[in-house]
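Here is the structure we will look at.
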Amino acid sequence: MREAYGGVLPDRPEGTADSVGGEAAEPSSFYGIEAVEDGYFVTKPALYSDMGAVGATTVEAAPKGEAEAMIARARAELDPQTEMASLRQSFSGFHSIAREPDGSYIVTVPAFHSLDQPGLSVGTAKKSFSDWTEAKNYYLESRNQREYPPEAVFGFAAGETTRRFVALEQFGRTPHLADAPREIPEETKRVLDFDARNNPTGPSAATYQKTMEMPGWESQVFNFVENYAKTPEGVAMAERLGINNLRLLTPGQAANLSLEVITRLKKYNLDDMASEDGETAADQAGVLALLNRGLRERDSDDFKGNGICRNFASGVKVVFDALKTNQTTFNYLQDTYAFYESGTRSDFDPAYEAADRTRSVSMKQEVVTGHAWNSFVTLDEKGAAQTIADATWSTIDYDTGRPVQLDYTMQRMEREVYRNSQSEETRPNADETASFYLYLIDSLPQQEGLVLDDETVARVRQSSSYQGQIDSLKERYPGLSSEQYDEFALEVHKKIADQQAVASKTQFYATRVMGVVRGHEAEVSDEQGKALVRLVAEVKQDVSYSEVQTVYALPTERANDRIAVVRKYVQGWEAASKSGYVPVGGLRFADQQIQQIVLEVCSPETKRKLESWSR
């Protein structure tokens, strides 16, 4: 090593005193003054890029003061040069920064933003700055003025944090350019359960955890995606997503690219379906192995698959995180995060919650396990926007070349709303929550029904209802092939299951909303209160003791609705009592109005019991 002014420089190979090369490195690796016989050698960065200083060059300078001034000038150049290189990737016809020969900066921005057509800019205006920081901030302020919040499927306020759920196609359409992430308020972290979801530690996320153990995984996964994007399939995918630069992606582009890469390279391994978390070869391998195997073997008839839902959800998060890590310094992903989500079947699909209580074709299958999927969150100054997607249940429509069955925001956002409602720190206003559940119930017939993905098809084939359909079809339509019987049976099962799902989800959501507003009835508006009472009176099949009390604490315009609710409760109580089951809650109410109606609607036998109890 050679002694150097200000530190120790690495030995320079023979003949490379003035050469340029190597990867971007920390600036401190590129500065030094070395005393020699007739003066000083100055080592400084040779080039600047959006990733920092690139390569080193050594020049002769004398006397010592000149050498020190040269180092000072080189250090002063670092931030403007690297920041300019990064920002240049976001330049457009309406936004740019140019450095003039005199060292000043000319910033070009749109002269006018259309109020009628979001995203439309008209004309340009230029402004000169002598200071780089001022020029940069002016550019960023104008660049980020083009933010038009997407229409939310649903939003609620929890303290100072606004939580918005948006459809996948709307997610991340108004990106924010920045060189560092926002500091996340503790309240926002609680609302999102951020720390646990952004860094999954449970056994189901073993593939994600194995990837984190690989040195340089970010570069390796990014290089895979970069190379895949150069294939004919990848080029078409990038063009459709509007991607020109993998190092400058919008949140929407990064989310959709992560999901589509996994969708195209996955095959569900039915042999792993009933395995315990962490036990399969896919669990023990990293995401890069999943990607490479999918690309190499997906067209082979002998390829059984490269994972199941938990491996694919891990893959989506890893791909997104690798893309995010490899963005240019100023980028659109600073405040966007991919979450690994998991839960039981009933946790993400309420139809399974009600399976045991259905009177028609049972959706309950022999093996009911958990599931894993992803959500993406972008933080802003007000809170967070979130979309929910599932690469396991998605597939490619080869007529259009587009992925389908990716967006599950409508179906799965309820879990998050309910979770927040259970804590006073993050609880939405009860009127907002009532509006949300009523909207969910109204939209159920329009929501996509049972998805016949590989996993679901395997489970349906294990069910007794499927076998019953096969037997019925063979009796009614003899002579068909086994493939035709299977196709018809699956379609019949799907049709019945979809009808059942609407009915069971309606009951599930009705129960949820009554529990959420319980104790907070005063927050519910007249409009929502009347709708809730009508829902319980006309739609809800089973009524609980606490729901009767809630109904009487909510406003209604029809007194008969309340009577109908009490009658449902009493009839259910009497039926349960006759079967030997003791219902939760009795027929005694502190509210005399309720108690009077109980006496009016109950059976003579029950009325005699109540009167004898009161004596």
Side-chain angles (χ1 to χ4, degrees), residues 152-165 185-193 346-347 350 353 382-384 386 410 412-444 505-559 561-566 568-569 584-586 588-595 597:
V153 176
F154 174 71
F156 67 87
E160 299 297 320
T161 300
T162 300
R163 184 100 178 259
R164 304 182 306 280
F165 294 92
E186 288 302 315
E187 179 183 77
T188 302
K189 285 188 175 183
R190 287 194 297 270
V191 170
L192 292 170
D193 193 18
S346 60
D347 195 17
E353 176 92 357
K382 295 181 180 178
Q386 182 174 2
M410 277 292 295
R412 299 181 190 171
M413 63 183 177
E414 187 274 339
R415 180 177 88 143
E416 282 302 293
V417 175
Y418 183 75
R419 181 181 65 79
N420 279 275
S421 74
Q422 299 307 290
S423 169
E424 283 299 320
E425 289 184 327
T426 62
R427 182 181 66 84
N429 177 275
D431 193 57
E432 285 185 317
T433 310
S435 174
F436 167 71
Y437 278 100
L438 290 168
Y439 167 70
L440 272 186
I441 291 170
D442 287 342
S443 66
L444 277 174
K505 286 184 178 182
T506 299
Q507 299 304 312
F508 180 82
Y509 291 146
T511 300
R512 287 276 230 204
V513 67
M514 293 305 289
V516 167
V517 302
R518 172 72 172 156
H520 305 284
E521 294 91 347
E523 296 176 2
V524 180
S525 66
D526 285 357
E527 179 184 2
Q528 305 298 348
K530 294 170 183 176
L532 287 177
V533 174
R534 193 173 305 123
L535 173 71
V536 179
E538 297 179 355
V539 177
K540 202 164 188 309
Q541 294 174 351
D542 301 314
V543 179
S544 70
Y545 184 87
S546 63
E547 286 171 348
V548 173
Q549 295 174 306
T550 298
V551 162
Y552 272 79
L554 293 169
T556 181
E557 58 191 354
R558 302 188 302 187
D561 283 345
R562 285 177 171 162
I563 297 173
V565 170
V566 176
K568 279 186 183 181
Y569 173 71
V584 177
R588 292 176 178 273
F589 290 88
D591 187 313
Q592 291 304 307
Q593 185 180 5
I594 301 176
Q595 194 64 52
I597 296 173

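FYI, side chains are in, hydrogens and waters are out, and symmetry mates aren't considered; it's all heavy atoms of this structure.
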side-chain contact (heavy atoms from CB on, under 4.5 Å) assessment of Tyr509 paired with Leu438: CA-CA 8 Å; Tyr509 291 146; Leu438 290 168; over 6 Å; no
Arg419/Glu416 under salt bridge (charged side-chain N to carboxylate O under 4.0 Å, His left out): CA gap, chis, key distance, verdict: CA-CA 5 Å; Arg419 181 181 65 79; Glu416 282 302 293; 2.8 Å; yes
Verdict with supporting geometry, Leu440 and Met413, side-chain contact (heavy atoms from CB on, under 4.5 Å): CA-CA 10 Å; Leu440 272 186; Met413 63 183 177; 4.2 Å; yes
Stepwise side-chain contact (heavy atoms from CB on, under 4.5 Å) check, His520 with Arg427: CA-CA 11 Å; His520 305 284; Arg427 182 181 66 84; 3.5 Å; yes
Chi angles and distances behind the side-chain contact (heavy atoms from CB on, under 4.5 Å) call for Glu425, Asn420: CA-CA 8 Å; Glu425 289 184 327; Asn420 279 275; over 6 Å; no
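The shortest distance between side-chain heavy atoms of Tyr439 and Met410 falls below 4.5 Å. No side-chain heavy atom of Thr162 sits under 4.5 Å from any side-chain heavy atom of Phe156. For the pair Tyr552/Val565, no side-chain contact is recorded, criterion being any heavy-atom separation below 4.5 Å from C-beta on. Looking at heavy atoms from C-beta onward, Leu535 lies out of side-chain contact with Lys540 at the 4.5 angstrom threshold.
Electrostatic pairing of Glu547 and Arg518 does not count as a salt bridge here, judged by no charged N lying under 4.0 Å from a carboxylate O.
Checked against the 6.0 Å centroid threshold, Phe589 and Tyr545 count as a close aromatic pair.
With sequence neighbours excluded, the residues forming a salt bridge (charged side-chain N to carboxylate O under 4.0 Å, His left out) with Asp561 are Arg558, listed by chain and number. Shown here are the salt bridge (charged side-chain N to carboxylate O under 4.0 Å, His left out) partners of Lys568, two or more places apart in sequence or in another chain: there are none. Legend: residues meeting side chain to side chain donor-acceptor pair (under 3.5 Å) with Glu186, ordered by chain and number and at least two apart, are absent. Taking the side chain to side chain donor-acceptor pair (under 3.5 Å) definition, one finds that Lys530 meets it with nothing, sequence neighbours left out. Not counting sequence neighbours, Glu527 has no partner by the salt bridge (charged side-chain N to carboxylate O under 4.0 Å, His left out) test. In terms of the side chain to side chain contact (heavy atoms under 4.5 Å, CB included) criterion, residue partners of Thr506 (sequence neighbours excluded) are, by chain and number, Ile441, Leu444, Val502, Val539. Residues forming a side chain to side chain donor-acceptor pair (under 3.5 Å) with Glu160 (at least two apart in sequence, or on another chain): none. Residues passing the side chain to side chain contact (heavy atoms under 4.5 Å, CB included) test with Asn429, sequence neighbours excluded: Asp431, Glu432, Glu523. For Phe436, the ring pair (Phe, Tyr, Trp, His ring centres under 6.0 Å) partners two or more places apart in sequence, or in a different chain, are Phe154. Taking Thr188 as the reference, Thr161, Ile184, Pro185, Leu192, Leu379 meet the side chain to side chain contact (heavy atoms under 4.5 Å, CB included) condition, with sequence neighbours excluded. For Gln592, the side chain to side chain contact (heavy atoms under 4.5 Å, CB included) partners at least two apart in sequence or on another chain are Gln595. Evaluation of the salt bridge (charged side-chain N to carboxylate O under 4.0 Å, His left out) rule for Arg562 yields no partner, not counting sequence neighbours.
Nearest heavy atom pair, residue Ala553 against residue Glu521, reads CB-CG, 3.6 Å. Residues Ala430 and Val524 come closest through the heavy atom pair CB-CG2, 4.1 Å. Heavy-atom minimum distance, Ser525 versus Pro555: O-CG, 4.1 Å. For the residue pair Ser421 and Val516, the shortest heavy atom distance occurs at OG-CG2, 3.6 Å. Closest heavy-atom contact between Val543 and Tyr569: O-CD1, 3.2 Å.
Judged by distance alone, with hydrogens and angles left aside, the side-chain atoms of Thr426 form no donor-acceptor pair with the main-chain N or O of Val191 at under 3.5 Å. The closest donor-acceptor contact from the side chain of Arg163 to the backbone of Pro428 lies at 3.5 Å or more, if one exists at all.
Remark: Lys505 NZ to Arg512 CZ distance equals 12.5 Å, nearest 0.5 Å. Summarising the geometry, atom CG belonging to Leu532 is positioned 6.0 Å from atom CG belonging to Leu554; distances are rounded to the nearest 0.5 Å.
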